[in-house]
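Read through the structure below, which is laid out as structure tokens, and then see the notes.
These figures come from a predicted structure and were not determined experimentally. Each residue takes its place number in the sequence, starting with 1. Note that these values count all heavy atoms, side chains included, but never hydrogens, waters or copies made by symmetry.
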Amino acid sequence: MSRLRLPLLGAEPGEIPPIDDALRVPFATPSIALVASPTADGVGARDALREALRAAGRASIELEVVVSDGPARVSRTELGHRIDAPLLEIPDALAAIDRSLSPGTCVLATGAAVVAVRRPTVSILVTGGAPPSEWGLEARSVRERFELVVPGVDTVLARELVARV
């Protein structure tokens with residue numbers, strides 16, 4: 001797998017530096033990336049997508065990705081995995097999870113780092129109706145990578161997204 005090289009010097013704390021689009025690979029299976037601004041109901045959006053996947057009879061796994069300092073840690077959660085890692089180590093951690101997925105399993109990933117380092121089938125930013133200045137630095141730094149920017153995700157939108165993934 002290609003190693004990412006980023007212009008990390010000059011990046012503000014909490015900012016995700018630009019990553020060349022050519023280095024962003026898709027997930028091995030269908031995927032939905034969800035990022036919520038601090039003023040948005042990210043939990044409600046994730047729950048709506050989770051329920052839509054269940055109602056459609058789709059196998060799914062949840063993946064939470066958090067950029068952190070220190071060594072990379074991948075831990076199992078009740079519904080999937082959590083990755084806590086420096087940005088440069090996230091691609092390798094995601095690749096290891098990709099290899100464990102059954103064909104057709106839909107990945108429901110949260111965290112702006114997912115949108116930065118991967119090309120999900122669809123990526124959604126939930127703003128809660130807030131202007132871009134209130135989205136949070138991570139979300140603002142990858143804002144051009146979202147297919148949908150919405151104030152919230154309700155059951156109708158969640159069903160439509162799942163039907164198209």
Where is the tightest heavy-atom contact between [X] and [Y], given as atom of each residue plus distance?
X	Y	result
A33	P120	CB-CG, 3.6 Å
L87	A113	CD1-CB, 4.2 Å
W135	P131	CD1-O, 3.2 Å
I19	A116	CD1-O, 3.6 Å
T121	T29	OG1-O, 4.4 Å
G128	S37	N-OG, 4.3 Å

Same cluster (ILVMFWY, side-chain, under 4.5 Å), [X] and [Y]:
X	Y	answer
F27	V66	no
V117	F146	yes
V122	L125	no
V142	I32	no
L79	V153	no

Would you say that [X] contacts [Y] through its side chain, given a criterion of any heavy-atom pair below 4.5 Å between the two side chains?
X	Y	result
R76	H81	yes
E138	V35	no
V25	R118	yes
V162	R58	yes

How far does [atom1] of [X] sit from [atom2] of [Y], to the nearest 0.5 angstrom?
X	Y	atom1	atom2	answer
R143	T127	CZ	OG1	13.0 Å
L34	L161	CG	CG	10.0 Å
I16	L137	CD1	CG	8.5 Å
L157	L49	CG	CG	7.5 Å
S31	I61	OG	CD1	12.5 Å
E134	R140	CD	CZ	10.0 Å

Task: S60 side-chain N/O to V107 backbone N/O, donor-acceptor pair under 3.5 Å - done: no
Task: T110-E64 side chain donor-acceptor pair, cut-off 3.5 Å - done: no
Task: Stepwise side chain to side chain contact (heavy atoms under 4.5 Å, CB included) check, L94 with V65 - done: CA-CA 9 Å; L94 289 171; V65 180; 4.2 Å; yes
- [ ] For side chain to side chain contact (heavy atoms under 4.5 Å, CB included), just list the numbers for D21 and R24, CA-CA rounded to whole Å, side-chain angles, deciding distance to a tenth of an Å, and then say yes or no.
- [x] CA-CA 5 Å; D21 208 37; R24 294 174 60 231; 2.4 Å; yes
Open item on the list: So if I apply the side-chain contact (heavy atoms from CB on, under 4.5 Å) rule between V67 and each of D84, I90, L88, which one comes out positive?
Closed with: I90
Task: Check against side chain to side chain contact (heavy atoms under 4.5 Å, CB included), V126 and D41 - done: CA-CA 8 Å; V126 181; D41 182 12; over 6 Å; no
- [ ] List the steps and the verdict of side chain to side chain contact (heavy atoms under 4.5 Å, CB included) for L108 and R46.
- [x] CA-CA 8 Å; L108 178 54; R46 187 189 65 225; 3.9 Å; yes
